[in-house]
Amino acid sequence: MSLPFDVHRLLPAFLSAAQCENFSAAARQLGVTPAAVSKNIRVLEEKLALRLFQRNTHSVVLTNEGKALLARVAPLWQALSNTLDTVRSDDKQPSGTVRVSVIPGFGRQLLMPLIPEFMARYPLIDLDLSLEARVVNLVGEGFDVGIGTRIDPDSRLIARQFYPMQMVLAASPAYLARTGSPTRPADLYQHQCLLHRNPSNGRIVKWRLQQNDEEQSLELSGRLISSQPDILLHAALADMGITSVAQWYAAPHFAEGSLMPVMTHHWPAPTPVWLYYASANLPPRVRVWVDFLLKYFGPHHALSAQ
């Protein structure tokens, strides 16, 4: 796709609107009026002879042509921004905003306790954290770093195994005293299971368990279903049944005895949590964030030392 020479001045409006799916939100992000965003996109569409957005009263959605343009332009624009950041940051303390997409449980339980240390060490860096249980398009949505078990496939991304997410079964001592503790996966059909609904697809998540050196998935039933693991944890603490949650939720309660591990020899193998970023040539504000994360969670070497 060949772009007109002066199209660069119109691209910020397009990229922000594609990210926000709303002209007013894009205008706030750019510090201009919604009318200016709308005009720039209209001019861009005229120059390219393409319709980039489907518009309605509440939001705008990329057309197929808009998605194709975004896929080509976003990484180039990010690379240009990174280069300018690097030039501006030579011999200066890293500064700017780092946008991070992180799965909610990891963000709340493991990442948040470290944030004060990072922000004290780098007072000119702001963190913009998005805690959502969904698959994100790292480049297309303008994130600098992603932390999660899944992400929109993109061969341009660098992905590093970051942390082992161990799923565990847990119940309160009172519940187990009342019902008895299950010893094999089939026993769970006789128990109250506290179930998680995946907010991305609306499906109830099956429990993965090991049986005879093979992993199996159990489709269980229960009286309480929630899209929030925190709710399931509180229900288990209230003696309502057995839950399957990431170990980072349950570990403090195991330590204090308010929850008990259930069928530990049937727990599944850990699922890797990945650290994603768009390029090894990161701007200083992102590089120090990645190095900081790897110091605590990843291999014992920093990105900048590679």
Side-chain angles (χ1 to χ4, degrees), residues 75 78-79 81-139 141-152 154-168 229-230 245-255 269-306:
Q78 185 65 50
S81 298
N82 291 348
T83 300
L84 294 176
D85 281 346
T86 301
V87 172
R88 284 196 299 264
S89 301
D90 284 346
D91 301 323
K92 296 180 181 178
Q93 191 171 3
S95 64
T97 298
V98 180
R99 294 194 67 226
V100 183
S101 171
V102 55
I103 51 177
F106 186 96
R108 292 192 185 99
Q109 305 297 321
L110 299 182
L111 189 61
M112 193 57 218
L114 303 176
I115 297 297
E117 177 187 342
F118 177 82
M119 302 195 82
R121 186 180 302 179
Y122 300 103
L124 300 182
I125 294 180
D126 300 328
L127 291 178
D128 184 344
L129 303 178
S130 178
L131 277 69
E132 298 180 273
R134 66 181 182 89
V135 178
V136 301
N137 182 326
L138 200 72
V139 175
E141 296 183 51
F143 288 108
D144 296 300
V145 176
I147 301 171
T149 56
R150 298 176 303 140
I151 207 159
D152 194 30
D154 191 328
S155 60
R156 296 165 296 184
L157 297 179
I158 294 175
R160 304 176 66 156
Q161 286 200 27
F162 186 54
Y163 189 86
M165 181 179 73
Q166 176 66 63
M167 296 299 294
V168 305
D230 311 66
V245 293
Q247 189 167 21
W248 54 61
Y249 286 109
H253 302 285
F254 287 162
T271 299
V273 174
W274 295 83
L275 177 68
Y276 302 91
Y277 43 92
S279 168
N281 183 27
L282 295 173
R285 60 184 168 79
V286 182
R287 186 184 307 118
V288 295
W289 171 246
V290 170
D291 285 348
F292 179 82
L293 295 177
L294 292 175
K295 171 186 173 183
Y296 282 97
F297 299 111
H300 295 293
H301 60 273
L303 180 68
S304 55
Q306 291 181 349

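Position 1 is the first residue of the sequence, and the numbers go up from there.
- One finds the CG atom of D126 at 13.0 Å from the CZ atom of R99 (value rounded to the nearest 0.5 Å).
- Nearest heavy atom pair, residue A120 against residue P123, reads O-CD, 3.9 Å.
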May I have the step-by-step check of side chain to side chain contact (heavy atoms under 4.5 Å, CB included) for R108 and W248, ending in yes or no? CA-CA 10 Å; R108 292 192 185 99; W248 54 61; over 6 Å; no
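- Rounded to the nearest 0.5 angstrom, L129 CG and F143 CZ are separated by 10.0 Å.
- To the nearest 0.5 Å, atoms OG (S95) and CD1 (I125) are separated by 7.5 Å.
- Between D144 and T97 the shortest heavy-atom distance is OD2-O, 3.7 Å.
- The shortest non-hydrogen separation linking V168 to A250 is CG2-CB, 3.9 Å.
- R287 is not listed as a side-chain neighbour of P94, based on a closest heavy-atom distance of 4.5 Å or more.
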Applying side chain to side chain contact (heavy atoms under 4.5 Å, CB included) to L275 and F297, what does each step give before you reach the verdict? CA-CA 10 Å; L275 177 68; F297 299 111; over 6 Å; no
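- Classified by interplanar angle (parallel below 30°, tilted 30° to 60°, perpendicular above 60°), the ring pair F292/W289 is parallel.
- Scanning both residues, P113 and P116, for their nearest heavy atoms gives O-CD, 3.7 Å.
- Once rounded to the nearest 0.5 Å, the distance linking CD of Q109 with CD1 of I103 reads 11.5 Å.
- Of the inter-residue distances, the one linking R160 atom CZ with I147 atom CD1 reads 12.5 Å to the nearest 0.5 angstrom.
- Between L282 and Y277, the closest heavy-atom pair is CD1-CD1, 3.9 Å.
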Report the C-alpha separation of V245 and D230 in whole Å, then their side-chain angles, then the decisive distance to 0.1 Å, and conclude whether the side chain to side chain contact (heavy atoms under 4.5 Å, CB included) test is met. CA-CA 9 Å; V245 293; D230 311 66; over 6 Å; no
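- Heavy atoms only, all atoms of each residue included: Q93 and R121 are closest at NE2-O, 3.7 Å.
- Y249 OH to M167 CE: the interatomic distance, rounded to the nearest 0.5 Å, is 9.5 Å.
- Checked against a 6.0 Å centroid threshold, the rings of F106 and F162 count as neighbours.
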